[in-house]
There are 2 protein chains.
Amino acid sequence: MTNRETTTRETLTRNQTLVFDALAKAAGPLSAYTILDKLRDDGFRAPLQVYRALDKLVDFGMVHRLESLNAFVACAHPHCGQHGLIAFAICEKCGHVSEFSNDVIEDQVRGWAAANGFKPSKTTVEIRGNCAKCLNS
Amino acid sequence: MTNRETTTRETLTRNQTLVFDALAKAAGPLSAYTILDKLRDDGFRAPLQVYRALDKLVDFGMVHRLESLNAFVACAHPHCGQHGLIAFAICEKCGHVSEFSNDVIEDQVRGWAAANGFKPSKTTVEIRGNCAKCLNS
DNA sequence: ACTGATATGTTATTAAGTTACATCAGTTGC
DNA sequence: GCAACTGATGTAACTTAATAACATATCAGT
Ligand SMILES: [Zn+2]
Ligand SMILES: [Zn+2]
Ligand SMILES: [Zn+2]
Ligand SMILES: [Zn+2]
């Protein structure tokens with residue numbers, strides 16, 4: 001039970017469900033500690049409860065970690081099966097995150113890796129800036 | 001004094017010089033706290049001394065922050081002037097980091113941004129995996 | 001019921017980064 | 001010289017992020 005193919009929403013444990021729902025209904029990314037606070041009423045007491053659930057959810061592909069924020073978002077395409085390379089555009093004013101994939105970038109990464117004998121396991125692409133909405137206000 | 005054009009190595013302060021030298025002579029990326037430990041003998045006592053120097057060095061383009069590691073590396077091309085988009089390949093076994101730039105990726109990012117009214121300020125590209133050396137050993 | 005594997009609860013600790021405030025050194029204007 | 005300003009530094013306390021260690025609980029398969 002370690003990948004999205006064999007694990008669906010139905011098989012999530014109680015804690016995983018609580019954490020995923022918190023992320024899914026949030027407007028933007030949440031830090032692990034923010035999630036913890038939101039789940040105090042559901043019995044959460046310690047960071048590890050959140051981190052353990054997040055680890056699995058990331059593993060399942062249902063949640064992504066934003067490295068430049070130390071925060072987590074629910075996947076915007078939870079039913080698309082296995083993603084290729086995913087990029088995130090993060091608005092520094094309103095916190096909104098857009099998730100998209102880009103085959104050209106993926107090819108470039110693969111190309112550099114092949115040329116340099118590097119074997120990639122995970123690629124992070126995060127664009128920080130301001131979203132259209134914030135620029136027009 | 002906020003960009004690489006008007007600031008050279010000569011104008012670094014004592015603390016900035018110490019931090020930069022620590023990074024420059026390191027084999028791989030260092031966390032702020034690791035740098036602090038290395039500089040205890042030079043009088044460093046508090047994290048802020050390191051973070052302040054790092055902020056400036058990053059500003060000058062002489063040091064890069066690796067978001068997925070919460071760590072810092074000296075720029076591999078410190079004399080190339082202003083960089084465009086930079087990508088990092090990070091070996092998870094030996095810690096070695098390769099820095100390279102890629103115009104195609106930069107174009108793709110610009111393209112997505114233009115199409116979505118997003119104004120990018122900084123783009124992070126970090127490839128985690130294993131380097132050639134580690135794969136052949 | 002026994003066993004192994006996974007999930008959970010709890011406490012304490014380490015690592016990363018910031019706030020607030022005091023001091024010091026150089027520079028500009030008088 | 002001296003006030004006033006600016007940027008750099010020192011220090012303590014604190015918040016936030018993540019992990020280690022250990023105890024329990026749940027459940028499937030036999
Ligand atoms: Zn996704
Ligand atoms: Zn915005
Ligand atoms: Zn560089
Ligand atoms: Zn390596």
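Here the structure is a predicted model, which means the values were calculated and not measured.
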Listing, residues 110-118 of chain B side-chain donor-acceptor contacts under 3.5 Å, not counting sequence neighbours, or none:
| residue | atom | partner | partner atom | Å |
| --- | --- | --- | --- | --- |
| B:Arg110 | NH2 | B:Asp107 | OD1 | 3.4 |
| B:Asn116 | ND2 | B:Trp112 | O | 2.7 |

[X]: partners by salt bridge (charged side-chain N to carboxylate O under 4.0 Å, His left out), with sequence neighbours left out:
{"X": "B:Asp42", "value": "none"}
{"X": "A:Arg52", "value": "none"}
{"X": "A:Asp55", "value": "none"}

d([atom1], [X]; [atom2], [N]) in whole Å:
{"X": "A:Leu39", "N": "C:dT8", "atom1": "CG", "atom2": "C1'", "result": "14 Å"}
{"X": "A:Arg14", "N": "C:dT8", "atom1": "CZ", "atom2": "P", "result": "9 Å"}
{"X": "B:Leu36", "N": "D:dT9", "atom1": "CG", "atom2": "P", "result": "15 Å"}
{"X": "B:Gln16", "N": "D:dT9", "atom1": "CD", "atom2": "C1'", "result": "11 Å"}
{"X": "B:Leu54", "N": "C:dA15", "atom1": "CG", "atom2": "P", "result": "18 Å"}
{"X": "B:Asp42", "N": "D:dG10", "atom1": "CG", "atom2": "P", "result": "11 Å"}

Can you name the residues that form a side chain to side chain donor-acceptor pair (under 3.5 Å) with A:Ser31, not counting sequence neighbours? A:Thr34
In chain order, what residues pass the side chain to side chain contact (heavy atoms under 4.5 Å, CB included) check against [X], with sequence neighbours excluded?
{"X": "B:Thr13", "result": "B:Asn15, B:Gln16"}
{"X": "A:Lys133", "result": "A:Cys131"}
{"X": "B:Glu92", "result": "A:Ser121, B:Arg128"}

Nucleotide-resolved protein contact map, nucleotides 11-26 of chain D, B/S/- at heavy-atom distance under 4.0 Å: B-----BBBBB-----
Measuring to OP1 and OP2 of D:dA8, would you say a side-chain N or O of B:Lys56 lies under 4.0 angstrom away? yes
Near DNA chain C, which residues from residues 121-130 of chain B have a heavy atom under 4.0 Å away? none
What I want to find out is whether A:Asp37 reaches A:Arg40 closely enough, with some N-O distance under 4.0 Å, to be called a salt bridge. yes
Can you list the other members of the hydrophobic cluster that holds B:Val104, where links are side-chain heavy atoms under 4.5 angstrom apart? A:Val104
Aromatic ring centroids of B:Phe88 and B:His64 under 6.0 Å? yes
Give me the distances for all protein-to-nucleotides 26-28 of chain C N/O pairs that come in under 3.5 Å?
none

